[in-house]
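This report refers to the structure that appears directly beneath it.
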Amino acid sequence: MSTPPSPDGPTGAVDTDRIEVAQLLTEAAASGALDLGEYENRLTKAYAAQTQDELDRLSDDLPSAVTRGRCGPCRPAPSTLLLAILTGFERRGRWNVPKKLTTFALFGGGVVDLRYADFTCHDVDIHSISIMGGQTILVPPEVNVDLHGVGVMGNFDHTVSGEGSPGAPCVRIRGFSLWGNVGVKRKKRKSG
C-alpha cells in the first residue's frame with residue numbers, strides 16, 4: 001500500500017509500489033515496448049524511487065500504466081519447492097518469485113534464473129541443498145544478494161560478483177552442499 005499523502009509534499013513509495021512498477025516494466029520489455037537498455041535503466045530507478053511521482057514518471061508512457069493500482073496490494077507468490085532427485089529442474093523465463101523458495105538436488109541438478117522473473121516481495125529467502133548434485137542460481141545485476149551456506153567436500157558459493165542497486169530486492173541464499181555444488185552468478189539479461 002502507498003503511504004498516505006502528506007500536505008507538505010509528494011506521496012512516499014513503499015516496496016510494494018516499487019515491485020508493481022517493476023512488473024509493469026518487465027511486461028513492457030517482454031512486449032517490445034522497451035528495449036533492454038531502457039528497461040534495465042528504468043528498473044534500477046524504480047527500485048531506488050522514494051516517491052509515487054518518481055514511479056509514475058517511469059511508467060506513465062507505457063500502454064499498461066493505466067492498469068497500475070487496480071489489482072489491489074501486491075501479494076507474495078506461494079512458497080515453492082523445486083526437487084531434482086536423479087533428474088533436474090529449471091525455473092527460467094518469466095515467473096513469480098515467491099518469498100520463500102526451497103531447492104533440493106540429490107544426484108541431480110537445477111537452475112533458478114531470476115533475471116526475467118517478477119519479484120512479488122522485496123525480501124526473498126532461498127534455501128538450497130545439494131547432495132551429490134549441483135545447482136546454479138542466476139541473479140540480475142540490480143538484485144542484492146546475501147549468501148550463507150556450508151560446503152562439505154563440495155562447494156557453496158560465499159560471494160557473488162558485483163553489487164546490487166539500492167532499494168532493489170534482496171535475495172538471501174542459505175543452505176548446504178555435500179559432495180555437490182551451489183553456485184550463484186550475477187548475469188546480465190540477454191538482448192533480443
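Looking at D146, its side chain never comes within 3.5 Å of a backbone N or O of I173 through a donor-acceptor pair. A donor-acceptor pair under 3.5 Å links the side-chain atoms of S177 to the main chain of G180, judged by distance alone. Side-chain atoms of H158 never come within 3.5 Å of backbone atoms of H148 as a donor-acceptor pair (strictly under, hydrogens ignored). Side chain of R18 to main chain of A13: a donor-acceptor pair is present (N/O by atom type, distance under 3.5 Å, no hydrogens or angles). Remark: the backbone N or O of V97 is paired with a side-chain donor or acceptor of T120 at under 3.5 angstrom. With hydrogens and angles ignored, the 3.5 Å screen pairs no side-chain donor or acceptor of R186 with any backbone N or O of V160. Here the side chain of H127 pairs no donor or acceptor atom with the backbone of D125 at under 3.5 angstrom. Using a distance-only test at 3.5 Å, with no hydrogens or angles considered, no donor-acceptor pair links the side chain of H122 to the main chain of T16. A donor-acceptor contact shorter than 3.5 Å is absent between the side chain of Q135 and the backbone of S128.
Heavy atoms only, all atoms of each residue included: A28 and S31 are closest at O-OG, 3.1 Å. Listed here is the closest heavy atom pair of P98 and A77: CB-O, 3.5 Å. Residues R91 and L82 approach most closely at NH2-CD2, 3.7 Å, considering heavy atoms. Across all non-hydrogen atoms, the minimal contact from A105 to G108 is CB-O, 3.7 Å.
No side-chain heavy atom of V184 sits under 4.5 Å from any side-chain heavy atom of T136. In this structure, the side chains of N41 and L43 stay at 4.5 Å or more apart for every pair of heavy atoms. Taking the side chain as every heavy atom from C-beta outward, L25 and E20 never approach each other to under 4.5 Å. In this structure the side chain of V139 never reaches within 4.5 angstrom of the side chain of K185, judged on heavy atoms. Contact check for I126 versus V171: side-chain heavy atoms found under the 4.5 Å cut-off. Side-chain contact check for W95 versus V112: some heavy-atom pair is nearer than 4.5 Å. Between T103 and F89, some side-chain heavy-atom pair lies under the 4.5 Å cut-off.
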TODO: Decide salt bridge (Lys or Arg N to Asp or Glu O under 4.0 Å) for R172 and D123; before the verdict, give the C-alpha distance in whole Å, the side-chain angles of both, and the deciding distance to 0.1 Å.
DONE: CA-CA 8 Å; R172 290 180 189 86; D123 296 311; 3.6 Å; yes
Open item on the list: Between F107 and I131, is the side-chain contact (heavy atoms from CB on, under 4.5 Å) condition met? List the steps.
Closed with: CA-CA 7 Å; F107 297 109; I131 300 173; 6.0 Å; no
TODO: Could you check D56 against V21 for side-chain contact (heavy atoms from CB on, under 4.5 Å), going step by step and ending with a plain yes or no?
DONE: CA-CA 8 Å; D56 290 342; V21 170; over 6 Å; no
- [ ] Show your reasoning for whether side-chain contact (heavy atoms from CB on, under 4.5 Å) applies to V143 and Y47.
- [x] CA-CA 10 Å; V143 168; Y47 287 134; 5.8 Å; no
Task: Working for salt bridge (Lys or Arg N to Asp or Glu O under 4.0 Å), residues R189 and E40 - done: CA-CA 9 Å; R189 294 171 186 90; E40 289 183 339; 3.1 Å; yes
Task: Test side-chain hydrogen bond (donor to acceptor under 3.5 Å, both in side chains) applied to Q23 and T26, step by step - done: CA-CA 5 Å; Q23 290 174 347; T26 301; over 6 Å; no
Task: Pair D157-I137, side-chain contact (heavy atoms from CB on, under 4.5 Å): steps then yes or no - done: CA-CA 10 Å; D157 278 354; I137 301 169; over 6 Å; no
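Other members of the cluster containing Y116 do not exist, because no ILVMFWY side chain is joined to it at under 4.5 Å.
Criterion: ILVMFWY side-chain heavy atoms under 4.5 Å apart, direct or through other members. Under it, F104 and L178 are part of a common hydrophobic cluster. No continuous path of ILVMFWY side-chain contacts below 4.5 Å connects L83 to V111, so the two sit in separate hydrophobic clusters. Side-chain heavy atoms closer than 4.5 Å link hydrophobic residues (I, L, V, M, F, W, Y) into clusters, and following such links, even through other members, never connects V124 to L81. Under the 4.5 Å side-chain heavy-atom criterion for grouping Ile, Leu, Val, Met, Phe, Trp and Tyr, F156 is not connected to V152 through any hydrophobic cluster. One hydrophobic cluster, built from ILVMFWY side chains closer than 4.5 Å, holds both I129 and I85.
Sorted by first and then second residue, the salt bridge (Lys or Arg N to Asp or Glu O under 4.0 Å) pairs involving residues 94-116 (not counting sequence neighbours) are E27-R94, R92-D113, R94-D118, D113-R115.
Distance check, rounded to the nearest 0.5 Å: CG of L24 to CG of L55 gives 10.0 Å. Taking CG of N181 as the start and OG of S130 as the end, the distance is 7.0 Å to the nearest 0.5 Å. Between L114 atom CG and F119 atom CZ the span is 4.5 Å, to the nearest 0.5 Å. One finds the OG atom of S59 at 12.0 Å from the CD atom of E54 (value rounded to the nearest 0.5 Å). Here the OG1 atom belonging to T44 is positioned 9.5 Å from the OH atom belonging to Y39, to the nearest 0.5 angstrom. Between D15 atom CG and C121 atom SG the span is 9.5 Å, to the nearest 0.5 Å.
A 6.0 Å sphere centred on CD of E38 holds more than 12 heavy atoms belonging to other residues, nucleotides or ligands.
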